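The structure under discussion appears below in the form of structure tokens.
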Amino acid sequence: MSVSEYEMNMAFDRLRERIKSRIERHGDQPHYSRHESVAICDEEMTEIKLAVHAKATDQELEDEYYDLACAAVWAIVSIDKYQGSK
């Protein structure tokens with residue numbers, strides 16, 4: 001079974017909403033450094049692994065994946081704005 005265009009569009013719409021929510025909670029400042037971006041994404045990946053091992057519900061696991069996707073997108077848009085060392 002393949003992923004439909006509708007499903008992809010819905011996922012991207014939900015991701016956009018997550019990013020808006022992230023901005024409301026944490027502001028629109030970029031990550032400070034590459035290390036911060038990696039640390040945040042790594043933390044989100046750890047939460048996914050914990051959710052899998054805890055046999056989280058599909059919705060809980062989906063939420064964790066959205067958190068990772070949001071962190072990754074924020075890392076991408078932060079790349080040319082890093083204030084710290086490269």
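Only this structure's heavy atoms are used, side chains among them; waters, hydrogens and symmetry mates stay out. Owing to the predicted nature of the structure, the values given are computational and were not obtained by experimental measurement.
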query: Is the backbone of Pro30 close enough, under 3.5 Å, to the side chain of Ser78 for a donor and an acceptor to pair up by distance?
result: no
- prompt: Near Glu7 CD, under 6.0 Å, is it more than 12 heavy atoms from other residues, nucleotides or ligands?
  reply: yes
Derivation and outcome, side-chain contact (heavy atoms from CB on, under 4.5 Å), residues Glu43 and Ile40: CA-CA 5 Å; Glu43 180 180 337; Ile40 292 168; 5.5 Å; no
- prompt: Is atom CG of Asp58 surrounded by more than 12 heavy atoms (other residues, nucleotides or ligands) closer than 6.0 Å?
  reply: no
Check residues 46-55 and write down every donor-acceptor pair under 3.5 Å in which the side-chain atom is one partner and the other belongs to a residue at least two apart or another chain.
unit_1, atom_1, unit_2, atom_2, d
Thr46, OG1, Asp42, O, 3.1

field: Between CH2 on residue Trp74 and CZ on residue Arg18, distance to nearest 0.5 Å
entry: 15.0 Å
- request: Output all residues satisfying salt bridge (charged side-chain N to carboxylate O under 4.0 Å, His left out) with Glu17, sequence neighbours left out; order by chain, then residue number.
  value: Lys20
query: Mind checking whether Glu64 and Asp67 have side chains closer than 4.5 Å, heavy atoms only?
result: yes
Side-chain touch Leu68/Cys41, heavy atoms, less than 4.5 angstrom: yes
query: Is Val77 reachable from Phe12 through a run of hydrophobic residues whose side-chain heavy atoms are each under 4.5 Å from the next?
result: no
task: State the OG-CZ distance between Ser21 and Arg14, to the nearest 0.5 angstrom.
output: 15.0 Å
message: If I take atom CD from residue Glu44 and atom OH from residue Tyr65, how far apart are they, to the nearest 0.5 angstrom?
response: 12.5 Å
query: If you round to the nearest 0.5 Å, how far is NE2 of His31 from NE2 of His26?
result: 9.0 Å
message: Regarding Ser37 and Tyr32, do their side chains bring together a donor and an acceptor under 3.5 Å, going by distance alone?
response: no
Thr57 side chain to Glu60 side chain, donor-acceptor N/O pair below 3.5 angstrom: yes
